[in-house]
Amino acid sequence: MPSDSFPSRERRHRKRRLTCFLLRERLKRGAVKARQQWLETYPTIFVSLFLILSVWLLFGVGYIIIPPVLILIFRQRHTQEFSLRVLLRTYVILLLVCLAAFLATQGFWLCVLLNLAVPFLVVGLLSDKFNPKSYFVYGMEFVFFQMTPVSLPQLGMQLVVLLYGFGVVTLLLWGYSRRVRKKRDYATIRRGLNLLSVEMEKLAGGEDISKERDAFPPMMAHMSRVVYGSRNFSYLADDYGKINYWCMLLFQRFHYFVSTFYDSNRSLLEGEKKFYRQLSGLLGQASRGFNQPGRRGLVRKIRSFARQNRLPNREEEDAIQEILRLLEFCLMQREKAYFYRTRLKKEGNWQVPEKKDGEPRWKQYFQWDQFQVRFALRLSVVLCVTFSFCWLTGWEHAYWYPMTAFLMLMPYAEESLLKINNRILGTVAGLAVSFVLMSLVHSMEGRVLVVMLMTCLMYYVPVTSWTMPMYATCYAMAISTLYLDLDLAILLRLVYVLLAALTTFLANRFLLPNTAKGEFRKTVCQLFDIDLEIVGLIRTDAGKRDALNQFRDLMVQSNLVSEEIARCLKTDFKPEEREFYSQMLPLHQKLMEEMEQMYSYLYHRKNRFDRRDNIMLSQFLDNLKDSIRRIRLGYTSRELTPFLDPGRTAKPFGKLEDKLYFNTLTMQCMESVEKLMALSETAAGKI
């Protein structure tokens, strides 16, 4: 018996030790995660506490509604490069929205008109499918400032408080940028150059490069988002966005080069191995020195390397020479940006392009089939209805109704449903906590402590969690119970939240809803529409300077649309649909890479083609455009069905250009089209 019990005790000891070890590891990971989250949120928490307390002490509790708007500005901007010009533009819009909110409180019909017009303009002009929540700060200000109507003399003081807040936010953003984020670090670009260096070294050593190769598509999508995020009404990108765009093209060219010419079965010659090892060293130097002066010396090394080294295959040599020239260009542009802070208004070569049909640009923002216009109309109607309710009923604290409806109503119906659930759950939990706290805390000092605590917790937890509205409810109850009985405040808060939930649900169900499924099919359709536009540019405008910005815009949008499709596939999709579109995206990425190189090749060699070659090239591009149209029909129909008659596949006949690589591009381009067609036909029987 003792001999049997000893192993049993030993097993129990081992199990206990393992349990303790796992518990310690979990606590350690939790502590690391909590510390990281604190480091990310403490600047916002500090600014929020300072603004709330200073406004409360200097101007009174009546203006406590202003700091949340200013805090959101700091929260959005403190991770970006400090730009006084961008901040001033933001402040001007905030002042205009403040005046609109004041006018909306001066009469019922003004309330109806402005609550229809202002949200529609703010969402329509500032948001789009790729930045769906750019409206939020201004919409929040418009709603919150109507919650506490002011007289004309009080409007002056409200503007003073706003200007005070603008000054504080500007000063804190400037100080934070000086101490913590002194300059753009181009982390993604440096990581990409380092990955290329590793990839070239592995290529020379005959090792597997699939890990490095597969890391580039999401990186390019991220860089496209950076480029798109730096645009404004007049220009496609600022200096930072431009460098990201050029480096995105560099990574895209490298990705295509490796994917096209190298596979796991190919063995390299000694000369090729030496070439890629030297190239790996140059890319490593570029990664380490991208943020340092002295890039001109590296550019000279790259030029010398390109002159003295050649690949034996002519196609590969043509391709790599184009890539090396683009690498030189990226480094030189970074060098210029390092020493000279050029202003976009002095450069006319990155202007947002007008539509070819001559339609004014502002009309592009108000087409009824657009994502942001549908949401803008929905938000306008909801705010008009809810604020009209406040005017007509005159109920106590009725402004909680439009405020909650605004916070629940999101661009996508599925996201709104999540917000409704979280808001109801968080409100119920917050009211329970408030009942306990407000029963114990009666002094003004105690209420201030509650507000400070809830402020810290609000900005510490994730915005999408149900705990965020719980802390926000406690924050609101700590202030509102200064004027209302606790039981009445709890009842009113609950009633208005339920009313807002019902209103938001009905709006998302019946008023031009943007559902994830519906938008997904539009997004896939948009992807191939972009392809058709690019082929049209290659067909007629590849040598024209005016078309270059349109091409840049389409390239960025194509990457963003592909990223949107990939993101949607992670949600509730059938396995066969997810597999189908997951196979489609890499094929389309390859097609885009080929069309980008074709456009660039023709743009920089616009005088190299005679009439005979142009006719041949035009025929090829017409066939390509026709093929993409048929692919678009197959991929965007309600059910995935094969083509009844795919017709003859377009093939380039003869030699389109003296450079052999251009012929390779055209052949590869049609192969990509054929694969997209074949995938559609293969998947049709499964879905």
Side-chain angles (χ1 to χ4, degrees), residues 81 181-205 209 212 215-216 219-220 223 226-227 230 237-258 268 270-312 316-344 346-347 349-350 597 600-601 603-604:
E81 188 178 28
R181 302 181 65 87
K182 294 183 179 180
K183 59 185 178 182
R184 297 282 193 181
D185 58 4
Y186 295 91
T188 303
I189 295 175
R190 291 188 291 110
R191 184 165 67 90
L193 290 170
N194 185 63
L195 268 177
L196 285 176
S197 176
V198 174
E199 187 176 44
M200 294 298 106
E201 183 65 33
K202 285 187 174 183
L203 192 63
I209 59 172
E212 288 74 20
F216 280 103
M219 188 183 301
M220 291 184 290
M223 294 169 74
V226 171
V227 177
S230 72
D238 60 14
D239 294 339
Y240 185 64
K242 290 177 185 177
I243 292 173
N244 271 273
Y245 175 80
W246 288 315
C247 289
M248 178 197 73
L249 292 186
L250 175 68
F251 297 157
Q252 187 169 288
R253 298 272 185 93
F254 261 115
H255 180 263
Y256 180 78
F257 177 80
V258 172
L268 302 184
E270 286 301 321
E272 291 177 299
K273 293 178 181 179
K274 179 182 176 183
F275 182 93
Y276 290 121
R277 285 196 182 97
Q278 292 180 2
L279 180 56
S280 174
L282 291 173
L283 290 167
Q285 292 180 47
S287 172
R288 293 186 295 272
F290 199 77
N291 281 344
Q292 306 298 327
R295 283 168 287 263
R296 292 180 186 272
L298 180 57
V299 169
R300 287 192 292 270
K301 288 183 181 180
I302 294 172
R303 287 176 182 169
S304 175
F305 169 79
R307 286 194 305 267
Q308 297 174 10
N309 297 274
R310 290 287 187 271
L311 290 173
E316 297 172 20
E317 173 61 21
D318 289 344
I320 201 66
Q321 289 297 327
E322 293 289 333
I323 290 172
L324 291 176
R325 279 191 283 271
L326 182 55
L327 176 60
E328 293 176 21
F329 181 79
C330 291
L331 291 170
M332 289 304 299
Q333 294 303 313
R334 178 68 184 102
E335 184 81 357
K336 291 178 181 178
Y338 186 87
F339 288 106
Y340 310 107
R341 297 291 295 174
T342 55
R343 291 193 176 184
L344 286 173
K346 295 182 180 179
E347 299 185 17
N349 60 342
W350 279 78
Q597 291 181 83
S600 178
Y601 203 88
Y603 177 80
H604 292 291

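The first residue in the sequence is number 1, and the count goes up from there. All values below come from the heavy atoms of this structure, side chains included, with hydrogens, waters and symmetry mates left out. Quantities reported herein were computed from a predicted structural model and do not represent experimental measurements.
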Please identify each residue that fulfils salt bridge (charged side-chain N to carboxylate O under 4.0 Å, His left out) with [X], with sequence neighbours left out.
| X | result |
| --- | --- |
| R300 | none |
| R191 | none |
| K273 | E270 |
| E316 | R266 |

With sequence neighbours left out, what residues match [X] under side-chain hydrogen bond (donor to acceptor under 3.5 Å, both in side chains)?
| X | result |
| --- | --- |
| S600 | R253 |
| E322 | R325, R605 |
| Q252 | none |
| E199 | none |

Gap between atom CG of N194 and atom CZ of F290 - 0.5 Å precision: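 It comes to 13.5 Å.
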
From L324 atom CG to I302 atom CD1, the distance as rounded to the nearest 0.5 Å: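 So the CG of L324 and the CD1 of I302 are separated by 7.0 Å.
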
Worked check of side chain to side chain contact (heavy atoms under 4.5 Å, CB included) between M223 and I189: CA-CA 8 Å; M223 294 169 74; I189 295 175; 3.8 Å; yes

Test log, rule side chain to side chain contact (heavy atoms under 4.5 Å, CB included), inputs T188 and F251: CA-CA 11 Å; T188 303; F251 297 157; 5.6 Å; no

Step-by-step side chain to side chain contact (heavy atoms under 4.5 Å, CB included) determination, F216 to L196: CA-CA 9 Å; F216 280 103; L196 285 176; 3.4 Å; yes

Over all atoms of both residues, closest heavy-atom pair of [X] and [Y]:
| X | Y | result |
| --- | --- | --- |
| L250 | I323 | CD1-O, 3.7 Å |
| L298 | A286 | CD2-CA, 3.4 Å |
| A204 | L268 | CA-CD1, 4.2 Å |
| R334 | N291 | NH2-OD1, 3.2 Å |

Residue list, side-chain contact (heavy atoms from CB on, under 4.5 Å) with A215, at least two apart or on another chain: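 Partners of A215 by the side-chain contact (heavy atoms from CB on, under 4.5 Å) criterion, ordered by chain and then number, come out as L195.
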
Residue list, ring pair (Phe, Tyr, Trp, His ring centres under 6.0 Å) with F254, at least two apart or on another chain: none

Side-chain donor-acceptor pairs under 3.5 Å in residues 274-281, sequence neighbours left out?
residue	atom	partner	partner atom	Å
Y276	OH	Y262	OH	2.3
S280	OG	S197	O	2.6
S280	OG	S197	OG	3.1

Evaluation steps, side chain to side chain contact (heavy atoms under 4.5 Å, CB included), between L331 and E328: CA-CA 5 Å; L331 291 170; E328 293 176 21; 6.0 Å; no

Pair listing, salt bridge (charged side-chain N to carboxylate O under 4.0 Å, His left out) test, anchored in residues 281-294, at least two apart: none

Close side-chain approach of Y245 to M248, heavy-atom, < 4.5 Å: yes

